[in-house]
Amino acid sequence: KQWYQRRVAITPGGVFPPVFKELPGPALDLFDLDEQFASSKTKLAQITNKCGDDDLEYYIRECGGILGITNDSSGPRDAKHILEHIFFQLVEYKKVNQETA
């Protein structure tokens with residue numbers, strides 16, 4: 001018989017899913033999740049344990065950043081101005097509470 005007259009069993013074509021490269025995992029070892037999700041109290045405790053007496057300027061600036069003081073003030077962000085802002089807030093708090101008592 002001719003080749004075009006032979007009966008050939010028709011089979012469905014093989015469909016294979018595409019082969020994708022395995023993506024590498026996220027570099028979470030370089031990203032500190034504790035720092036991102038920690039509360040303000042936890043962050044303050046960590047910076048307190050980390051700093052010594054020689055790091056006072058750094059300590060005050062970091063605590064100001066954690067408490068949101070450096071974000072609120074439009075002036076300089078050095079330790080002196082951060083402490084000044086905190087003391088003014090304390091005085092205002094004391095005035096309000098003294099008047100209500």
Side-chain angles (χ1 to χ4, degrees):
K1 289 185 176 185
Q2 298 282 340
W3 64 270
Y4 55 85
Q5 293 177 342
R6 280 189 267 165
R7 290 188 178 200
V8 178
I10 299 176
T11 58
V15 178
F16 300 102
V19 179
F20 294 112
K21 289 172 113 179
E22 187 67 32
L23 294 175
L28 292 179
D29 55 335
L30 303 176
F31 190 74
D32 190 6
L33 294 176
D34 289 336
E35 183 179 322
Q36 295 298 317
F37 296 115
S39 67
S40 296
K41 289 182 180 181
T42 305
K43 290 179 184 180
L44 288 172
Q46 288 173 347
I47 195 75
T48 301
N49 292 334
K50 180 179 167 182
C51 293
D53 292 338
D54 298 334
D55 304 325
L56 187 58
E57 176 85 20
Y58 171 76
Y59 176 75
I60 292 171
R61 279 189 279 118
E62 287 298 311
C63 289
I66 292 170
L67 297 173
I69 294 170
T70 55
N71 298 336
D72 294 341
S73 63
S74 60
R77 296 179 182 173
D78 61 341
K80 179 181 174 185
H81 289 93
I82 292 171
L83 289 175
E84 181 182 9
H85 179 80
I86 291 171
F87 289 132
F88 280 130
Q89 293 294 322
L90 283 172
V91 168
E92 289 299 318
Y93 177 75
K94 291 285 187 175
K95 283 182 186 177
V96 170
N97 285 338
Q98 213 172 33
E99 291 171 0
T100 59

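Only heavy atoms go into these numbers, but all of them, side chains included; no hydrogens, no water, no symmetry mates.
Hydrophobic clustering (side-chain heavy atoms under 4.5 Å, transitive across Ile, Leu, Val, Met, Phe, Trp, Tyr) groups Ile69 together with Phe87. Note: the hydrophobic cluster containing Leu90 also contains Leu83 (ILVMFWY, side chain heavy atoms under 4.5 Å, direct or indirect links).
Environment of CG in Asn49: crowded, with over 12 heavy atoms of neighbouring residues, nucleotides or ligands closer than 6.0 Å.
Within the model, atoms OH of Tyr59 and CG of Asp53 stand 11.5 Å from one another, a figure rounded to the nearest 0.5 Å. With rounding to the nearest 0.5 Å, the separation of NZ in Lys43 from CD in Gln46 is 9.0 Å.
Scanning for side chain to side chain contact (heavy atoms under 4.5 Å, CB included) contacts around Glu57 gives Arg61, Asp78, Ala79, with sequence neighbours left out. Ser40 meets the side-chain hydrogen bond (donor to acceptor under 3.5 Å, both in side chains) test with no other residue; sequence neighbours excluded.
No side-chain heavy atom of Leu67 sits less than 4.5 Å from a side-chain heavy atom of Ile82.
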